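In what follows, a single structure is set out as structure tokens and then discussed.
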Amino acid sequence: MNFQSKVKIFLIVFILLLTLIVNLKSVKAVEIGGELEIGSGLSYSDDLKAEFYGQGEFELFLPQSSIVEPRLVFQTSLADDRVNSDIKYMYIRHRKDGNHLTVGRQPVSWSYGAMINLLDYGLGIDGLADETIRPGIDGLRYHYSLGEGRNIQLVTSFSEFSRVELDELGYGGRLRLPGSGYDLSFNLAYQPLGKDNLLRTGMTYNKDIGDIGTYGSLGYFYKQDREIDDIMLQLGMDYSWIVGGDNGYGGRQLILQAEYFRFLKNNLNASIMSKLMIGGGEAEGAGSGLETVLLSNRDLLTLNLSTSLDYFSDLGLLLMIETKDCKTVLAPYYSSDLGGGLEMSIDAMVLRDSGGDFYSGISSSLSYYF
Amino acid sequence: MRKKLWYLLLIGGLILFIGVSSNFVLAEGLTATEIMERVDDNEYIESARMEAKMIIEDRGRKRVNEFYSYLQGENSLSEFTNPRDRGTRYLKLGNDLWMYFPAAEDLVSISGHMMRDGMMGSDFSYEDSVESQQLSELYHFELKGEEIINGGETYVILATAREGEDVSYYQRKIWVDQERFVMLRGEYFSTSGRLLKEMEVKEVQEFRDGRYFPIEVVMNDKLRQGSRTTMKVTEIDFDYDIPEGKISLETLN
């Protein structure tokens with residue numbers, strides 16, 4: 001057993017014991033919940049490849065007190081005859097007077113409604129077909145309330161679990177100022193990036209203009225050692241409308257979300273986000289190659305059109321295009337709630353690369369929530 | 001002659017009065033507005049803690065969402081507890097709606113146009129949940145007549161949105177129980193007169209303070225064929241002493 005495994009086991013036991021001690025007077029049954037998923041995929045570039053996989057996520061819902069909140073989530077995956085297990089989240093949160101300090105492996109999300117969030121603490125991807133990546137870190141986070149929902153969040157992250165190298169620490173802060181009908185944030189992050197460091201600072205917003213939801217971000221990116229900088233601008237909107245129907249019956253609501261980002265000086269691109277060293281669970285940081293295919297460009301236009309076929313089935317189409325080489329991804333997706341906690345998903349992808357070659361793939365999965 | 005003129009004026013005045021006001025003065029001396037004020041007395045919640053199930057059915061398939069809510073006037077905080085949505089929270093502050101995602105431990109505001117969408121995939125829209133003012137503040141009422149529903153007498157009232165009020169439905173046809181003053185049925189219309197939704201109350205319960213409240217309501221979105229959502233209140237404490245700051249953005253952080 002290596003050192004990291006020993007540290008993880010020690011921390012798990014420590015959290016369980018602390019939870020027991022803190023809640024000794026009102027110990028409740030510990031519940032377990034999560035998701036099991038099995039899936040298969042077929043992909044074709046030069047030849048046809050097939051894959052089968054299984055993965056699971058298990059959360060122990062530990063008793064909480066008014067001042068202490070522990071959280072423990074495991075994740076495991078089976079692919080290519082190999083089983084990988086990791087801790088997704090393992091932290092203790094201490095609350096006092098509306099403020100809180102969280103120590104351990106934890107999610108840090110600075111979302112504002114965008115599908116691709118380049119001013120998140122890590123790479124934030126939300127609702128790109130079936131793809132969602134929520135940044136997770138190993139470190140500390142302090143949340144200070146300014147009242148009425150406004151707050152300051154301060155983050156320090158380690159580059160790896162149980163390894164604290166002072167020159168590999170990451171730092172970040174977010175001032176969030178939500179109000180009636182809008183959400184405004186100012187973000188700052190300074191993190192190790194391989195042998196370099198990346199500084200990002202900027203603002204994000206979300207506001208309705210009439211019936212259209214709008215959002216966007218403006219950020220300054222600076223690679224410290226190489227002394228390269230760039231300015232990133234993102235604009236986005238979402239809108240929904242009802243089409244078809246017979247005398248008002250059977251109409252269908254279509255939801256369109258569209259966003260575009262561009263690095264104005266063409267010195268950097270979004271793929272650097274996937275190289276940030278902020279720790280976190282392995283599966284959280286792994287992504288699915290989206291970053292190499294789509295984010296290594298100066299700009300990207302993303303369109304997501306979706307509709308509910310009924311209350312149990314959703315159908316959508318994702319289109320992503322970058323303007324320089326016209327690399328394009330077209331990805332239809334479908335999901336259906338089968339009842340009893342079962343959900344089926346099918347998604348496909350056709351990719352056109354910069355040379356005009358095409359790659360395609362289709363995958364399906366069955367998930368069980370418990 | 002002068003007497004006749006007085007009688008004519010009196011009768012004419014009465015006819016004019018009845019003509020103008022027959023739609024809102026009827027039945028045991030109660031006007032439509034007074035009836036709806038009594039409905040508001042029963043159904044409008046000043047503050048409460050509630051546990052409920054949302055049963056969504058569509059062409060043979062069924063899903064059950066469970067949640068609990070803290071309600072205080074126009075504001076509310078709801079948290080889902082069923083496995084698939086466990087920890088997902090909705091915070092309504094006035095006309096603003098925020099959603100909290102437990103996996104990311106972060107919240108985003110719901111765009112205004114999404115308010116028409118079904119909440120957690122149900123026939124109840126976000127808009128339905130946002131509109132929590134007293135109906136008598138939002139609508140003008142006309143008493144259209146009386147009908148029997150399930151053996152009980154009801155007032156049939158047409159509610160039309162007051163000018164300048166931001167309402168989910170421009171018009172509502174409402175059937176009010178004459179004994180208990182709760183809504184038993186509702187039809188909701190758009191400005192163009194399109195029937196958008198139908199609501200039917202399946203069970204009404206009397207609470208300790210003599211208040212009647214519907215605890216099982218079926219909503220049917222007419223834009224969706226074959227669907228319906230049943231909201232079953234499993235527990236409700238009226239005038240619940242909600243801790244200060246519980247229904248706020250602070251709680252979601």
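Every chain is numbered from 1, with letters handed out A, B, ... down the list of sequences. Quantities reported herein were computed from a predicted structural model and do not represent experimental measurements.
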Cation-pi check, B/R63 to A/F312: give yes when NZ or CZ is under 6.0 Å from the six-membered ring centre and within 45° of the ring axis, no otherwise. yes

Is it the case that more than 12 heavy atoms not belonging to A/F58 sit under 6.0 Å from its CZ atom? yes

Distance from A/E31 atom CD to B/T81 atom OG1, nearest 0.5 Å? 9.5 Å

Between A/N151 and chain B, which part of the residue has a heavy atom less than 4.5 Å away: side chain, backbone, both or neither? side chain

If every non-hydrogen atom of A/G179 is compared with every non-hydrogen atom of B/D96, which pair is closest and at what distance? O-OD2, 4.2 Å

Side chain to side chain contact (heavy atoms under 4.5 Å, CB included) partners of B/A161, counting only residues at least two apart: B/Y139, B/V167, B/Y170

Are the side chains of B/R61 and A/S336 in contact, using a 4.5 Å heavy-atom criterion? yes

Stepwise side-chain contact (heavy atoms from CB on, under 4.5 Å) test for B/D221 and A/Y311: CA-CA 11 Å; B/D221 185 342; A/Y311 284 155; 3.6 Å; yes

Can you tell me how far apart CZ (B/R84) and CD (A/E343) are? Round to the nearest 0.5 Å. 4.0 Å

What is the minimum heavy-atom distance between A/G213 and B/S111, and which atoms define it? CA-OG, 3.8 Å

Tell me, out of A/G98, A/G34, A/S180, A/S367, who's got the most heavy-atom pairs with chain B below 4.5 Å. A/S180

Counting heavy-atom pairs under 4.5 Å with chain B, the top scorer among A/G341, A/G147, A/G339 is A/G147

Spatial distance of atom CG (B/L249) from atom CZ (A/R150) [nearest 0.5 Å]: 10.5 Å

Which portion of B/L252 sits near chain A, non-hydrogen atoms under 4.5 angstrom: neither

Only pairs of heavy atoms separated by less than 4.5 Å count here; which of A/Q106, A/R93, A/K207 has the most with chain B? A/R93

Gap between atom CD of B/E105 and atom NE2 of A/H143 - 0.5 Å precision: 11.5 Å

Should we count OH of A/Y368 as having more than 12 external heavy atoms under 6.0 Å? no

If every non-hydrogen atom of B/A104 is compared with every non-hydrogen atom of A/P107, which pair is closest and at what distance? O-CB, 3.9 Å

What heavy-atom pair brings B/N253 and A/G149 nearest, and what distance separates the two atoms? ND2-O, 3.8 Å

Measure distances from A/L342 to the heavy atoms of chain B and classify the residue's part below 4.5 Å as side chain, backbone, both or neither. neither

When every non-hydrogen atom of B/W98 is compared with those of A/Y182, the smallest separation belongs to CH2-O, 4.0 Å

Using heavy-atom distances under 4.5 Å, tell me whether A/I209 contacts chain B through its side chain, its backbone, both, or neither. neither

Check: A/D183/B/S109 side-chain N/O donor and acceptor closer than 3.5 Å: no

Under 3.5 Å, which donor-acceptor pairs link side chains of residues 229-237 of chain B to any protein atom two or more places apart or in another chain?
unit_1 : atom_1 : unit_2 : atom_2 : d
B/T229 : OG1    : B/D123 : N      : 2.8
B/T229 : OG1    : B/D123 : OD1    : 2.6
B/T234 : OG1    : B/E51  : O      : 3.0

Can you measure from CG (B/D58) to CG (A/D337) and round to the nearest 0.5 angstrom? 11.0 Å

For the CG atom of A/D238 and the CD1 atom of B/I110, what is their distance to the nearest 0.5 Å? 10.0 Å

Shortest non-hydrogen contact between B/D106 and A/R176, atoms and distance: OD1-NH1, 3.1 Å

Would you mind reporting whether B/F101 and A/S111 have side-chain heavy atoms less than 4.5 Å apart? no

Within 6.0 angstrom of A/E148 CD, more than 12 heavy atoms from elsewhere: no

CD (B/E137) with more than 12 external heavy atoms under 6.0 Å: yes

Is the shortest side-chain N to carboxylate O distance from B/R86 to A/E59 below 4.0 Å? no

